[in-house]
Amino acid sequence: MTRDRARRVTRSLSTWFRKSARKLPWRQRRTAYHALVSEFMLQQTQVSRVLEYYPAFIKQFPTFRALAAADEQEVLAAWQGLGYYRRARNLHRAARQIVAEHGGRLPKNIDQLQELPGIGRFTAGSLASILFGQAQPIVDGNVLRVLSRLAGETLADDQAWAHAAFLVSMADDPAIFNEGLMEMGAIVCTPSAPRCGACNLKRLCRARKQGIQEEVPRPRTRKQPKKVHHYVAAVRHRGKLLFQQRPEEGLWSNMWQLPTVESDRTCKVSELVFETPITQLRSLGRFEHQTSHRRIHFHVLEGKLDASASFQGQGTWRLPTKIQDLPMSNAQRKVLAMVVGQ
DNA sequence: AAGCCGGGGAT
DNA sequence: ATCCCAGGCTT
């Protein structure tokens with residue numbers, strides 16, 4: 001790309017963004033803390049979803065120190081329903097690291113930023129440019145699409161990073177240019193039916209010139225979700241239900257659930273082996289839950305603790321109305337609704 | 001390089 | 001039903 005073309009692109013895009021930027025909560029006060037929370041929440045998550053969580057999260061954890069002082073379970077509970085829960089755990093760990101190792105201030109150096117858990121190449125570049133004005137490139141899903149369409153071909157990741165680096169080096173204001181690049185992808189240069197008529201870059205867009213803007217970039221290949229089965233048992237005792245915590249690794253790590261057996265295949269009720277012995281199992285219903293990599297068939301049961309077996313106390317007994325402190329996946333919340341609805 | 005990690009909006 | 005989303009981490 002020539003210097004002249006890069007200058008045209010950065011100018012046109014920055015002009016558009018200065019005029020059209022959405023008013024978003026994390027754009028009101030540009031503090032490092034607000035920027036960091038929004039960056040984590042926005043990873044692989046659309047702005048409209050983040051808007052449902054961000055204000056309450058900031059209210060509950062207003063500063064790095066407040067977040068660092070919280071328990072991980074509190075942070076997970078504030079995150080529940082938003083997905084990709086490792087982000088919440090990483091954000092919590094990052095806050096603790098910032099307080100412990102950086103005096104409660106976010107480092108400005110891009111390499112130091114990337115040493116924080118949950119901050120990779122993109123988030124480090126985003127913080128360095130938007131928060132600190134450094135000419136660091138960023139490439140996310142939006143940017144890859146915008147740059148590919150400008151170039152008239154599907155860019156490989158390293159090509160896109162090279163384009164982004166050259167462009168941001170030509171920009172008068174790296175913060176405006178980078179944030180505008182993402183906003184352009186979200187608002188104008190959308191995956192399907194891009195609003196080319198309203199685009200400030202239309203005269204510079206090679207995909208549009210060839211009429212292939214809907215074909216560029218080519219869709220990523222995706223594996224189809226694996227089908228699995230989760231057998232969930234509601235165990236009651238004096239109006240309370242037994243809840244157990246999931247393992248630290250894998251799906252919904254460290255979150256809570258009713259006792260659950262997972263299998264790659266359908267099982268007969270008689271062959272289910274729960275960690276805690278449960279008898280008199282009876283079916284209450286079923287539903288499907290979809291994630292990016294799994295199609296989970298939930299089988300909801302009820303049963304009783306096996307009185308002949310010793311209960312190790314693995315879990316906690318709670319009234320279904322008093323579980324606000326137990327972070328749970330949306331799927332297990334659906335299970336609970338089905339159980340309580342009976 | 002490929003797999004894993006959620007949940008929902010848009011079409 | 002399919003694609004996508006202000007990606008990062010692990011293998």
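It should be emphasised that the depicted structure is a prediction, and the values quoted were computed from it without experimental measurement. Every chain is numbered from 1, with letters handed out A, B, ... down the list of sequences.
Side-chain contact check for A:Q43 and A:R87: no donor-acceptor pair (N or O, by modelled atom type) lies under 3.5 Å. Side-chain polar atoms of A:E183 and A:W16 form no donor-acceptor pair below 3.5 angstrom. No hydrogens or angles considered: nothing links the side chains of A:R265 and A:H229 as a donor-acceptor pair under 3.5 Å.
Salt-bridge annotation for A:D264 and A:K226: present, with a side-chain N of the basic residue lying under 4.0 Å from a carboxylate O of the acidic one.
Nearest-nucleotide assignment on DNA chain B puts the 5′-proximal partner with A:G83, out of A:S48 and A:G83.
Every pair passing ring-ring contact (aromatic ring centres under 6.0 Å, His included) that includes a residue from residues 48-76 of chain A is listed here, sequence neighbours excluded: A:W26-A:Y54, A:Y33-A:F64, A:F57-A:F61, A:F57-A:W79.
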What pairs of donor and acceptor atoms, side-chain ones from residues 245-252 of chain A against any protein atom, are under 3.5 angstrom apart with sequence neighbours left out?
from   : atom 1 : to     : atom 2 : distance (Å)
A:Q245 : NE2    : A:N254 : O      : 2.9
A:R246 : NE     : A:L251 : O      : 2.9
A:R246 : NH1    : A:Q257 : OE1    : 2.8
A:R246 : NH1    : A:E262 : OE2    : 2.9
A:R246 : NH2    : A:L251 : O      : 3.0
A:R246 : NH2    : A:E262 : OE2    : 3.1
A:E248 : OE2    : A:R89  : NH2    : 3.3

Only pairs under 3.5 Å count here: list side-chain donor-acceptor contacts from residues 188-199 of chain A, not counting sequence neighbours, and write none if there are none.
from   : atom 1 : to     : atom 2 : distance (Å)
A:T190 : OG1    : A:S192 : O      : 3.0
A:T190 : OG1    : A:A193 : O      : 3.4
A:R195 : NH1    : A:I187 : O      : 3.2

Identify all side-chain donor-acceptor contacts of residues 124-135 of chain A below 3.5 Å with residues at least two apart in sequence or on another chain.
from   : atom 1 : to     : atom 2 : distance (Å)
A:S126 : OG     : A:E39  : OE2    : 2.6
A:S129 : OG     : A:G125 : O      : 2.8
A:S129 : OG     : A:S126 : O      : 3.2
A:S129 : OG     : A:N178 : ND2    : 2.9
A:Q134 : NE2    : A:K108 : O      : 2.9

Enumerate donor-acceptor pairs with a distance under 3.5 Å from any side-chain N or O in residues 153-166 of chain A to protein atoms, sequence neighbours excluded.
from   : atom 1 : to     : atom 2 : distance (Å)
A:T154 : OG1    : A:R218 : N      : 2.9
A:D157 : OD1    : A:R220 : NH2    : 3.0
A:Q159 : OE1    : A:A156 : N      : 2.8

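Alongside A:V216, the hydrophobic cluster contains A:I212 (criterion: ILVMFWY side chains under 4.5 Å).
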Which letter, B, S or -, goes with each nucleotide of nucleotides 1-11 of chain C from 5' to 3', with contact meaning a protein heavy atom under 4.0 Å? ---BBBBBS--
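The separation of C:dC5 from B:dG6, taken at their C1' atoms, amounts to 12 Å, rounded to a whole angstrom. Rounded to whole Å, the P atom of B:dT11 lies 14 Å from the corresponding atom of C:dA6.
Less than 4.0 Å separates DNA chain B from no heavy atom of any residue of residues 148-160 of chain A. Proximity of residues 242-262 of chain A to DNA chain B (heavy atom under 4.0 angstrom from any strand atom) is restricted to A:G250, A:L251, A:W252.
Using a 4.0 Å heavy-atom criterion, one finds that A:I138 contacts no nucleic acid atom at all.
The structure places CG of A:L106 at 11.0 Å from CD of A:Q97, a figure rounded to the nearest 0.5 Å.
Taking the 5' to 3' direction, DNA chain B first and last meets chain A under 4.0 angstrom from a heavy atom at B:dG3 to B:dT11.
Qualifying side chain to side chain contact (heavy atoms under 4.5 Å, CB included) partners for A:D306, counting only residues two or more places apart in sequence or in other chains: A:P277, A:T279, A:S308, A:A309. A:D172 pairs by the salt bridge (Lys or Arg N to Asp or Glu O under 4.0 Å) definition with nothing, not counting sequence neighbours.
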